[in-house]
Amino acid sequence: MANNEDQFKKVVSHAKEYGYVFQSSEIYDGLSAVYDYAQNGVELKKNIRNYWWKAMVQMHENIVGLDAAIFMHPTTWKASGHVDAFNDPLIDNKDSKKRYRADVLIEDYVGKLDTKIEKEVAKAAKRFGEAFNKEEFLATNPRVIGYKEKGDAILQRMGKSLENEDLADVKLLIEELGIGCPLSGSKNWTDVKQFNLMFGTKLGASADTAMDLYLRPETAQGIFVNFSNVQKTGRMKIPFGIAQTGKAFRNEIVARQFIFRMREFEQMEMQFFVRPGTQKEWYEKWKENRLKWHLSLGMGEDNYRFHDHEKLAHYADAASDIEFRFPFGFKELEGIHSRTDFDLKAHEEHSGKKLQYFDPEINEHYVPYVVETSIGLDRMFLAVFSNSLQEEELENGSTRTVLKLPSVLAPTKAAILPLVKKDGLPEVARKIVEDLKWDFNVTYDEKDAVGRRYRRQDAAGTPFCITVDHDTLNDNSVTIRYRDTMEQKRVKIEELRSIIKEDVDVKNWLMKM
Ligand code: GAP
């Protein structure tokens, strides 16, 4: 899908119409930046989670899982730095009264420079045809170099100012770039202020004894505080990882772009504990590994890029995002962070408990360093969903809407359709459903003409339609139709399981890594 607002609107409305994502509490006009996953959405989300879990936990002997509680002792967040430093720089527009993240305004400005570069590339590719060399063009075209240098300089200055808490310079940068309010265009800005993103709540019944708690803003801390428990009980040897998936909560200032930035969301994180001094090597390895995981889904190499951070979080010595081309441009999908020994050391200090490892190979105790991979499940959902939604022109001049989800992730793998609702065809179709449902999520559909049913399943993202017709009664064969190519084949009923399995099996997809 092309990169524009209309396409994004289509993504949002399709997600609702086909039972993927609903606004939370919609009957009360919804709750901003909170969403519910509907009958298809919950399956897609579960399949993405499983695909991650298989690749990260079950395929690695030295990575184990964890499911830590959302509530944690409040000192956790003091130690982790979230109480003091988990802030976003916000700025208000005095005329429109709208509030923005100052860094996002600046990054969006740089994003526009990136779009200009992409346009130059597309123009040149058209002009030079087969002879076009993208790398050479990017490295030599003066206009492209100009845009790139300007963008880099802006991000560098912003990074430095934020690191030095020089919020006045962040405002100055917005003014110098002439950035206006995206809604009203007004350039009448307040000063930039810091805003803590954690949600607070209380534990306990009586007002005077109740304890102030936070809803966790990342799952990672549940892993750090359990480092020694897991290492000892699992007899884990460094290097090893602990992974978990679960909800996180952030009081986002700029909550927009559907499920891209939510206030309640799910993360899939893995903390990899390594010997100090080896973190750089592991950081590079995990960057490469995570990109391969994304590419295994076949959503197009050109849709991913790394963005190395200029501004490092308080805990990191290196950090990079895997960015994905969303309908609104390239944005962060996953972060890979070299977190040093910051977290474990901080928890040692605040808890008074040792969080160290005895390394028999070098006969030394040390606090391990950590390389983390952290991806938002909802953001991954949006990447997959938006990339898959396509409008196709057909040979007969009509168009079809098709959700070309990677079949390993598709909520329903096959729809079983009796050609007509009589003559014993529904009974045969039901029998196929009963048989296949042990292995796959399948559905039965007998309503409307078969062509309409095909279109409905195309739009819902079902990779296979299996039609039972009158010949089936004699030859035990059915028509299998492939969503992406619309190819139809006659196959025996007993072949169905292996045809579907071959196509949707996690192993076959992950082997592409
Ligand atoms: N433990 C490290 C950490 O939390 P992060 O970059 O703040 O790092 C990691 O978050 C990932 O979580 C992001 O790359 C993004 O995919 C996802 N994420 C963060 N904030 C989110 C939000 N408000 N809504 C949806 N996903 C979010």
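Predicted model, so just to flag it, every value in this text is computed and none were measured. Just follow the structure's listing: the first ligand is 1, and inside any ligand the first atom is 1. Counting from 1, the numbers follow the sequence of the chain as shown.
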Determine the interplanar angle of the [X] and [Y] rings, folded into 0 to 90°, and report it as parallel if under 30°, tilted if 30 to 60°, perpendicular if over 60°.
X	Y	value
His294	Tyr304	tilted
Trp282	Phe272	tilted
Tyr100	Trp189	perpendicular

Per-atom contacts, ligand 1 versus [X] - under 4.0 Å to a heavy atom:
X	result
Glu252	20 (N), 22 (C), 23 (N)
Glu269	1 (N), 2 (C), 3 (C), 4 (O)
Met262	22 (C), 23 (N), 24 (N), 25 (C)
Arg339	1 (N), 2 (C)
Glu334	14 (O)

Protein contact of [atom] - nearest heavy atom, named by residue and atom, plus distance:
atom	result
atom 6 (O) of ligand 1	Glu332 OE2, 3.2 Å
atom 15 (C) of ligand 1	Arg379 NH1, 3.5 Å
atom 9 (C) of ligand 1	Ser374 OG, 2.9 Å
atom 20 (N) of ligand 1	Arg250 NH1, 3.3 Å

Heavy-atom proximity to [atom], best of [options]:
atom	options	answer
atom 10 (O) of ligand 1	Glu218, Gln267, Gln221	Gln267
atom 18 (N) of ligand 1	Tyr35, Phe86, Phe265, Phe260	Phe265
atom 17 (C) of ligand 1	Ala383, Gly376, Ala319, Gly335	Gly376

### Query
Looking only at heavy atoms, is any part of Glu372 under 4.0 Å from ligand 1, and if so is it the side chain, the backbone, or both, or is it neither?
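Side chain only.
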### Task
Would you mind telling me if ligand 1 is within reach of the side chain of Asp321, the backbone, both or neither, using heavy atoms under 4.0 Å?
neither
### Query
Does His337 reach ligand 1, in the sense of a heavy atom lying below 4.0 Å from it?
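A heavy atom of His337 does come that close to ligand 1.
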### Query
Any non-hydrogen atom of Asp378 lying under 4.0 Å from ligand 1?
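The answer is no: ligand 1 sits nowhere under 4.0 Å from a heavy atom of Asp378.
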### Message
Under a 4.0 Å threshold between the charged nitrogen and the carboxylate oxygen, would Glu372 count as salt-bridged to Arg339?
### Response
yes
### Query
How close do Arg290 and Trp293 get, heavy atom to heavy atom, and via which atoms?
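Minimum heavy-atom separation between Arg290 and Trp293: NH2-CE3, 3.0 Å.
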### Query
What about the rings of Phe273 and Phe227, do their centers lie closer together than 6.0 Å?
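Here the rings of Phe227 and Phe273 have centres that are less than 6.0 Å from each other.
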### Message
Counting the benzene-type ring for Trp, do Phe326 and Phe260 have ring centres under 6.0 Å apart?
### Response
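Yes, close enough.
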### Query
Under the side chain to side chain contact (heavy atoms under 4.5 Å, CB included) criterion, do Lys148 and Ile117 qualify, and how do the steps go?
CA-CA 8 Å; Lys148 177 95 182 65; Ile117 294 176; 4.2 Å; yes
### Task
Among Phe265, Phe258, Phe381, find the residue that satisfies the ring pair (Phe, Tyr, Trp, His ring centres under 6.0 Å) test when tested with Tyr35.
Phe258
### Message
Using side chain to side chain donor-acceptor pair (under 3.5 Å), reason through Glu269 and Thr219 one step at a time and then give a plain yes or no.
### Response
CA-CA 7 Å; Glu269 298 201 297; Thr219 55; 2.6 Å; yes
